[in-house]
Amino acid sequence: MSELQNFFEQFLEKTSLFQKKEALLSQYLPKEIIYREEQLKEVAQILAPSLRQEKPSNLFIYGKTGTGKTLSLRHTLRTMAEVAKKNNLPFRCIYINCKLKRVADTEYRLLAQLIKCYDEEVPATGLPTDEIYTVFYRVLDKEKHVLLLVLDEIDHLTKKIGDEILYNLTRINTELKHSQISLVGISNSLFFSEHLDPRVKSSLSEEELIFPPYNALQIQEILRRRASEAFFPQVVLPGVIEKCAAYAARDHGDVRRAIDLLRVSGELAERSNSLHLEISHLDEAERKIETDKIISGALHQPKQFQLVLYALLLFYMQKKQLFTGEIYEVYQKLCRQVKYNVLTQRRVSDILAELDMLGLIRAKIISKGRYGRTREISLSIEEPVVVKLKELLEKSLQIT
DNA sequence: AGTCCACAGGAAGGGCAGGCGA
DNA sequence: TCGCCTGCCCTTCCTGTGGACT
């Protein structure tokens, strides 16, 4: 038997710690949603008219990541769809996550995606935008109904392409003869609507709802329920749930992360042939998640981003606080050395801003008085990860 | 009080790839 | 095939600016 065969045979013989791993995946929709009763009720009240073919108010939902916004909304929509089906009512809702790259991150793509939900094909690129709108109107108006359009992570959308699309979408009802459309925006940022065009702001936030973070006890209970679904009984040792909740509470009550953490811990425990999920697995998972996030985040960037980041890492070995100009110089040398195009400082400045957004670096705009205004940049990566990342970037950029 | 640095970041537009209909 | 449209990446040109220095 080959070594690999052996491995798989052994793998099959091992007992799994998980009885239902899906319960720890982010797209899992539990039967019951706890600690959000009030919000669920409000959402239901606001959206209910759509079942009677009346247009509900546009709704805006705020709340930090992992506070149950998406879950609550998906739960509500699912229930509404069930009721609609039972009573044979025309009910449409489209859920779009604006953060998904190459799906809904431009005006064109978003509309194309919407049209696709109505089973019509539209080229991925090539048509003028106003034509896309015309197609969208036509498709919407084909049969009388109310569309609930949920735009999750809407702040990403407007950050990237501005609020014109939202303006158009809120005004769309005057263009339609039969159908109507209601928007539900979900944002992680509480200050999102402040940057919006006032007209958009007022029509989008006809109703507003805030999802507060869960507290540590609530997180514990949520985790306990998920864990009892996901793992076999007695697998999770006492103290693990509590510590996991504590990690999450420290990160502003983000339950999604806590659930991820639990899943990764379980995987690590299983891999190390342990019969239980111990606190040590949790700590290991915490480190692993952080490292993986940073490294895959960096390696999925275009080469030029990697070059800038690598230049930063090089410099960082000697100095902890860097300025744009300094990094640009190192970057130029690096480009010439490995024979890449040298981008302008203007572009590199944008790249640095984007790396900041990705959380790989921290950039603060400061003034050095006589010596100008610049970004003060530091890495937000831990030392051991820096070394690993540097190696991987060298491989990716073929730096010797 | 005024100057002036070293950038930030807005605006416009070029060039490219992917895709359309004619 | 061509002309035209899009998004994307990038350049060029530009205006704006906080605060140390004079």
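Proteins get letters first, then strands, A, B, ... in listed order; numbering begins at 1 in each. Hydrogens, waters and symmetry mates play no part in the numbers below; they use all other heavy atoms, side chains included.
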K.L.:
For the side chain of A:Arg347, counting heavy atoms from C-beta on, which of C:dG18, C:dA20, C:dC10 is nearest?
P.N.:
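In terms of side-chain proximity for A:Arg347, the closest of C:dG18, C:dA20, C:dC10 is C:dC10.
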K.L.:
Side-chain N or O of A:Thr344 versus OP1/OP2 of C:dT11: is the shortest distance under 4.0 Å?
P.N.:
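So the side-chain polar atoms of A:Thr344 do come within 4.0 Å of the phosphate oxygens OP1 or OP2 of C:dT11, strictly under.
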K.L.:
Quick one: does any side-chain atom of A:Lys69 pair with a main-chain N or O of A:Lys64 as donor and acceptor, under 3.5 Å?
P.N.:
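Answer holds: yes.
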K.L.:
Quick one: name the residues clustered hydrophobically with A:Val146, using the 4.5 Å side-chain heavy-atom rule over I, L, V, M, F, W, Y, and just say none if it's on its own.
P.N.:
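Traced through the cluster, A:Val146 reaches no other member.
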K.L.:
State plainly whether the residues A:Arg224 and A:Glu242 are in salt-bridge range, i.e. N to O under 4.0 Å.
P.N.:
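Salt bridge present between A:Arg224 and A:Glu242.
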K.L.:
Just to be sure I understand the geometry, which residues of residues 336-343 of chain A put a non-hydrogen atom under 4.0 Å away from DNA chain B?
P.N.:
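Residues of residues 336-343 of chain A under 4.0 Å from DNA chain B: none.
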K.L.:
Could you tell me if A:Arg263 sits above the aromatic ring of A:Phe18, with its cationic atom closer than 6.0 Å to the ring centre and no more than 45 degrees from the axis?
P.N.:
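A:Arg263 over A:Phe18 ring: no.
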K.L.:
Which atom names give the shortest non-hydrogen contact between A:Leu51 and A:Leu89, and what distance separates them?
P.N.:
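Scanning both residues completely, I find the closest heavy atoms to be O-CD1, 3.5 Å.
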K.L.:
Main chain of A:Leu140, side chain of A:Ser179: is a donor-acceptor contact present, judged purely on distance under 3.5 Å?
P.N.:
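Yes.
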K.L.:
For residues 381-396 of chain A, run the donor-acceptor check on the side chains, cut-off 3.5 Å, and write out each pair with its distance to 0.1 Å, sequence neighbours left out.
P.N.:
residue: A:Glu394; atom: OE2; partner: A:Tyr310; partner atom: OH; Å: 2.6
residue: A:Ser396; atom: OG; partner: A:Lys303; partner atom: NZ; Å: 3.2
residue: A:Ser396; atom: OG; partner: A:Gln306; partner atom: OE1; Å: 2.5

K.L.:
Considering non-hydrogen atoms only, spot the tightest contact between A:Phe211 and A:Gly68 and give its length.
P.N.:
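Here A:Phe211 and A:Gly68 meet closest at CE2-O, 3.6 Å.
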K.L.:
Considering only nitrogen or oxygen atoms on both sides, find all protein atoms under 3.5 Å from nucleotides 7-9 of chain B and state each distance.
P.N.:
residue: B:dC7; atom: OP1; partner: A:Gly325; partner atom: N; Å: 3.4
residue: B:dC7; atom: O5'; partner: A:Gly325; partner atom: N; Å: 3.2
residue: B:dC7; atom: O4'; partner: A:Arg373; partner atom: O; Å: 3.3
residue: B:dA8; atom: OP1; partner: A:Thr324; partner atom: OG1; Å: 2.7
residue: B:dA8; atom: OP1; partner: A:Arg375; partner atom: NH1; Å: 3.0
residue: B:dA8; atom: OP2; partner: A:Ser349; partner atom: OG; Å: 3.0
residue: B:dG9; atom: OP2; partner: A:Arg375; partner atom: NH2; Å: 2.3
residue: B:dG9; atom: N7; partner: A:Arg346; partner atom: NE; Å: 3.2

K.L.:
Between A:Asn58 and A:Leu183 (side chain of the first, backbone of the second, donor and acceptor by atom type, cut-off under 3.5 Å), is there such a pair?
P.N.:
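Yes, because the side chain of A:Asn58 sits within donor-acceptor range (under 3.5 Å) of the backbone of A:Leu183.
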K.L.:
Could you go over nucleotides 2-4 of chain B and give all protein N or O partners under 3.5 Å, atom names and distances?
P.N.:
residue: B:dC4; atom: O4'; partner: A:Arg370; partner atom: NH2; Å: 3.4

K.L.:
Taking CD1 from A:Ile366 and P from C:dA20, how many angstroms apart are they, rounded to a whole number?
P.N.:
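Distance, rounded to whole Å: 10 Å.
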K.L.:
Hydrophobic cluster mates of A:Tyr28, side-chain heavy atoms under 4.5 angstrom, ILVMFWY only, any path?
P.N.:
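Reading the cluster by chain and number, A:Tyr28 sits alone, since nothing else belongs.
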